[in-house]
Structure formats: structure tokens, C-alpha cells
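Values below: every heavy atom of this structure, side chains too, minus hydrogens, waters and symmetry copies. Note on naming: letters A, B, ... go to the chains in the order of the sequence lines (proteins, then strands), and numbering restarts at 1 for each one.
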Amino acid sequence: MNAVNYELIKKDGKARRGRITTPHGTIETPVFMPVGTAATVKAMRPEEVKELGAEIILSNTYHLYLRPGHEIVKEAGGLHKFMNWDKPILTDSGGFQVFSLGDLRTITEEGVEFRSFIDGSKHMLTPEKSMEVQNALGSDIIMAFDECAPYPADRDYVKNSLERTTRWLKRCKEAHKDTDKQSLFGIMQGGMYQDLRKQSAEEIVALDLPGYAIGGLSVGEPKDIMCEVLDYAVDYLPENKPRYLMGVGTPDYLFEGVERGLDMFDCVLPTRIARNGTAMTSAGPVNIKNAKFEKDFTPLDHECDCYTCKNYSRAYLRHLFKANEMMSSMLLSNHNLHFLVNTMEKIRKSIEENRFMEYKEEFYKKYGYL
RNA sequence: GUGGGUGUAGUCAAGUGGUUAAGACAACGGGUUGUGGCUCCGUCAUGCGUGGGUUCGAAUCCCAUCACCCACC
């Protein structure tokens, strides 16, 4: 028995309604996972994150390794205790930072040598090291240390990075010890090439892991390209394991992902754009900075019952943002997270009732995608 | 009333005869997808208090005038 297990409850087309069990509780899927990179969902108290309905959050190996250091988190009693979050946690492996911190690192077969963005010091992240750090953090789901190819990238580059990702995955699996407390998810690469996606999937699925992610998407490619990749890529993954689309978080992508059989999503977008003054609402994005909201005393989203919408007006939120008040980040983050988590809840219900596509169309119409 | 000083965008200002008048803040608009982000990118003075004049050319020099500030009566 793995630490993390998946149960498929119902299907509506390819959309799946499922349940993931972990040492820290169960997760209803499809699920949206708020991101808390540095052991905090920025501008949010854990109680709030829980209250708005999030069942699992993400944190980050690379960032916690550099600061405060995984030994300290371990000494604190693990990440759950350290950050006061007793529900499931998924940690990313640091693979994506290798990609996003591009100019500060060198990739070799052994691993990735990089310079700290904090103080410039040199470090080496390898599959083994990533497992060690994630083990110290004590997260429920740990991710394989992969190499995320950029977009666009030529075939040879993508093929090499996918094959290295497989070799690294084998090393991750070998180094991963506490299989009864944490589960390792593999990551598919292969860029925008169908045969390479197939090759990557076959290689990682052969290792029989408790879950699989699709990586290398949402890296700047157009939406239709990503959907095209998802159209075939998801089918290369086993039905009885959770499928996680990494880094996806605009509402439309969530729907497209669920429609193609994905179960898990994460994204910094809701909290990041919140801090920069944008809200996601049922009627589409609202840029609270706009002058037209100066005297708009109505709530952000008329259909929303989150703490922010129940108690504050657009005019007030605009004022907070313009005045550089931290409540602006707090209130907008709360709303955006609630919006995505709540949308996922509605998606789950629609799958249960066999009307996912109807709900998708309804949502798109209101949001302004159609 | 006398002497001195200052007037450049909403604000603070650079510029002291030579191409389309720095910059910052504010304002306005946009971006953001496994977080190097309270961030990044755009737009924003046909005009330099006003009116004349000198000059090939004036925010820059001259005259007048107005406003404000500081001293002294």
C-alpha cells in the first residue's frame, strides 16, 4: 500500500471525479491546489486557506532548501507543523526552478549546479538531494526531480531532456525511502511532440508510481497547442492513478484539463495576480486598479460568497490597492483562491451529475471566453 | 511701499542660446500560469506664469506685467 492512493469514483466523458487519500487526509478530485512556495500561501493564514475549502497546498523544495534550510524545517517537526497546516502538502522537486532560473545554472547528468538567487552561493541539486530535502520536509506527495524543457525547443533537446528525466526518476525512486509516509509522483515530459510524450509516458509508467504529472506545459505555448498535447498525452497515463497537470491555473485551462481527464492542478496565478490588483470573477477578470471602480460600492463578484465579497466593496479594494495596504493582497488572494477552489467544487458536482460540458459552456459564457 | 528670490506636467524637479524639454512620484492602461514578482511593461508638457522684444534659433538673454515667498519699512 502506498502512502497516497487514488480512487476513481465516476466519469463524465473523459472528466473524472475521484478521491485521493494521503496520511494527512483525503482530497476530492479534480482539485485545485494553492501554491505556498516558501511555506506560506502568500498573504493568507492557513486557517483562511482551509476555510475557503482548499484540501491540499503546494510548497517548494528549492526555496525551502535555500531558506530556511530543510534541516531546520525537519527540526521544527516537519513542514506541516512548521507552517501550521495539517492537511496534505505536495512539494515540487525544484525541477521547475532549474527551468525558470535559467541563467544561473548548469545541467549535467549528475544533476543541476546553480547559484542561489538569495546570496549567489553555489549549490548542487540532484535527484537524490531532492528526495532528501522532500523527505526532511515531510510532504505527503513528493515530485520527481525533472528537467522542464522550454518552449519552443527542438526535438533533440526535448528528447534528451525527457530521457534524462526518466533516468533521474529512476534515481528518485531508488533514493525515496519513506514510501509509507510519502508518495513519489513521476513527471512526463516530451514537449509538444506526440511520439516523445508517448515515449516519456511509457518510460515513467513502467516504474509503477502512485501518481503521474504532466510537466513541460504552460511554459508559454499557445492554448490550442497545449490542448492538442493534452488530447493525446493524458491517454498515455494509467486510469487508476491520479493525473496532475503542473502549473495550470487560469479558469479556462482548468476546464480544458478536467475535460481531458486531469485530476490535479496548481498555479501561482490566483495569488500572484491578487497581489498585483486583479481578481478572477464569474464575469471574467476584474482589474481593481481601474478608475471606473472608484465609486463602485458593489462586491467584487455578485455570485461569490467568500469573505471578501461578503464584506467589502470594489471601491474599498481599489482604495486599499492604491494606498499600498497589505489588506489588498490578503482580501484579493482570499477571493481568487476561493474562486478557483469553488469553481472546482462546482466542476466535481457537474461530473457527478453528468453535465460537465454544460457547466463548462455556462461558465465560459459568463467569464467571457465565448 | 522698498530690496531680494522663485515661477518648467497633479507634485518634486533637471535643463543657464542649438536636434522631437531629463528623471522621480502620482495618474491612466496592460501583463503575470510546477512564485527570483507589494512586481514588470507601456502612456502621460506642440510647451517652460503672462505679453512683448533680441536672435538664423529662446525654458534659457532683454523689457513689461502677474503670482507666490523672504527681508526691511
If we take the P atom in both rC44(B) and rG52(B), what is their distance in whole Å?
29 Å

For Leu340(A) and rU32(B), what is the distance between atoms CG and C1' respectively, to the nearest whole Å?
14 Å

Ignoring backbone atoms, test whether Asn287(A) places a side-chain nitrogen or oxygen under 4.0 Å from the OP1 or OP2 oxygen of rG30(B).
yes

What distance, rounded to whole Å, do you find between the two C1' atoms, one in rC66(B) and one in rA27(B)?
30 Å

Select base, sugar-phosphate, or nothing to describe what Thr250(A) touches, counting heavy atoms under 4.0 Å on all strands.
base

Touch check for Leu58(A), heavy atoms < 4.0 angstrom, all strands: base, sugar-phosphate only, or nothing?
sugar-phosphate

Please determine whether residues Ile56(A) and Leu52(A) belong to a single hydrophobic cluster, defined as Ile, Leu, Val, Met, Phe, Trp and Tyr linked transitively by side-chain heavy-atom distances below 4.5 Å.
no

Under a 4.5 Å cut-off applied to non-hydrogen side-chain atoms, are Leu269(A) and Thr250(A) in contact?
yes

Glu147(A) CD to rG34(B) P: how many Å, rounded?
18 Å

Using the C1' atom as the reference point in each nucleotide, state the distance between rG57(B) and rC61(B) in Å, no decimals.
13 Å

I need the NE2-P distance between His123(A) and rG36(B), as an integer number of Å.
15 Å

Rounded to whole angstroms, how far apart are CZ on Phe96(A) and C1' on rG36(B)?
11 Å

Which part of the nucleic acid does Gln134(A) contact within heavy-atom distance under 4.0 Å: base, sugar-phosphate only, or nothing?
nothing

I want to check one thing: is the phosphate of rG30(B), taken as OP1 and OP2, less than 4.0 Å away from some side-chain N or O of Asn290(A)?
yes

Looking only at side-chain N and O atoms, does Asp119(A) offer a donor or acceptor that is under 3.5 Å from a partner on Ser116(A)?
yes

Could you state the atom-to-atom distance from CG of Asp252(A) to P of rU33(B) in whole Å?
14 Å

For a quick check under 3.5 Å, do Tyr6(A) and Arg243(A) share a side-chain donor-acceptor pair by atom type?
no

Using atom C1' in both nucleotides, what's the gap between rU8(B) and rA58(B) to the nearest angstrom?
14 Å

Considering only atom C1', compute the distance from rU6(B) to rU46(B) and round it to an integer number of Å.
26 Å

Using a 4.0 Å heavy-atom cut-off across all strands, classify Ser328(A) as base, sugar-phosphate, or nothing.
nothing

Tell me which of Glu294(A) and Thr37(A) sits closer to the 5' end of RNA chain B, going by the nucleotide each one is nearest to.
Glu294(A)

Remember a base hit wins even if backbone is also touched, and classify Asp146(A) as base, sugar-phosphate or nothing at under 4.0 Å, heavy atoms.
base

Please state how far atom CZ in Phe293(A) lies from atom P in rC28(B), giving the value in whole angstrom units.
12 Å

What integer number of Å spans the C1' atoms of rA64(B) and rG23(B)?
34 Å

Expected output: side-chain Lys295(A) to main-chain Lys292(A) donor-acceptor under 3.5 Å:
no

Write down the protein N/O and nucleotide N/O pairs, taken from nucleotides 39-42 of chain B, whose separation is under 3.5 Å; answer none if there are no such pairs.
from, atom 1, to, atom 2, distance (Å)
rU39(B), N3, Asn276(A), OD1, 3.2

Quick check on rC28(B): is either OP1 or OP2 less than 4.0 Å from any side-chain nitrogen or oxygen of Arg318(A)?
yes

rU50(B) and rU55(B), which share atom name P, separated by this distance in whole Å
23 Å

Please output the side-chain donor-acceptor pairs of residues 316-325 of chain A that fall under 3.5 Å, not counting sequence neighbours, one pair per line with the distance.
from, atom 1, to, atom 2, distance (Å)
Arg318(A), NH1, Lys289(A), O, 2.4
Arg318(A), NH1, Asn290(A), O, 3.3

Give me the distance, rounded to whole Å, that separates rU2(B) from rU11(B) when you measure between the P atoms they each carry.
31 Å

Sidechain N-carboxylate O distance under 4.0 Å for Glu362(A), Arg355(A):
no

Under 3.5 Å, sequence neighbours excluded: what are the donor-acceptor pairs made by side chains of residues 83-95 of chain A?
from, atom 1, to, atom 2, distance (Å)
Asn84(A), ND2, Glu47(A), OE2, 3.3
Trp85(A), NE1, Lys87(A), O, 3.1
Trp85(A), NE1, Pro88(A), O, 3.0
Asp86(A), OD1, Lys50(A), NZ, 3.2
Thr91(A), OG1, Gln134(A), OE1, 2.7
Thr91(A), OG1, Ser139(A), OG, 2.6
Ser93(A), OG, Gly95(A), N, 3.1
Ser93(A), OG, Ala144(A), O, 2.8

Using whole Å, what does the distance between atom C1' of nucleotide rG37(B) and atom CZ of Phe117(A) come to?
11 Å

So the stems of RNA chain B, runs of at least three Watson-Crick or G-U pairs (under 3.5 Å), are B:1-7 with B:66-72, B:10-12 with B:23-25, B:27-31 with B:39-43, B:49-53 with B:61-65

Should Ser100(A) be listed as having a side-chain N or O under 4.0 Å from OP1 or OP2 of rG36(B)?
yes

With distance as the sole criterion, do the side chain of Arg272(A) and the base of rU35(B) form a donor-acceptor contact below 3.5 Å?
yes

Looking at Gln97(A), does any N or O in its side chain come under 4.0 Å of the phosphate oxygens OP1/OP2 on rG36(B)?
yes

Only pairs at least two apart or in different chains count here, so list each salt bridge (charged side-chain N to carboxylate O under 4.0 Å, His left out) that has a residue in residues 154-163 of chain A.
Arg155(A)-Asp195(A), Lys159(A)-Glu163(A)

Looking at every strand, decide which applies to Lys322(A) at a 4.0 Å heavy-atom threshold: base, sugar-phosphate, or nothing.
sugar-phosphate

No-hydrogen, no-angle side-chain donor-acceptor test under 3.5 Å, Gln182(A) and Asp140(A):
no

Scan Asp92(A) against the nucleic acid and name what it touches under 4.0 Å (heavy atoms): base, sugar-phosphate only, or nothing.
base

Sugar-phosphate, base or nothing in reach of Gly120(A), heavy atoms under 4.0 Å:
nothing

Which nucleotide sits closest to the side chain of Met246(A): rG34(B), rG30(B), rU33(B)?
rG34(B)

List, by chain and then residue number, the residues other than Phe297(A) in its hydrophobic cluster (Ile/Leu/Val/Met/Phe/Trp/Tyr, side-chain heavy atoms under 4.5 Å); write none if there are no others.
none

Centroid separation under 6.0 Å, is that true for the rings of Tyr307(A) and His338(A)?
no

Round to a whole Å and report the spacing from CG of Leu262(A) to C1' of rU33(B).
14 Å

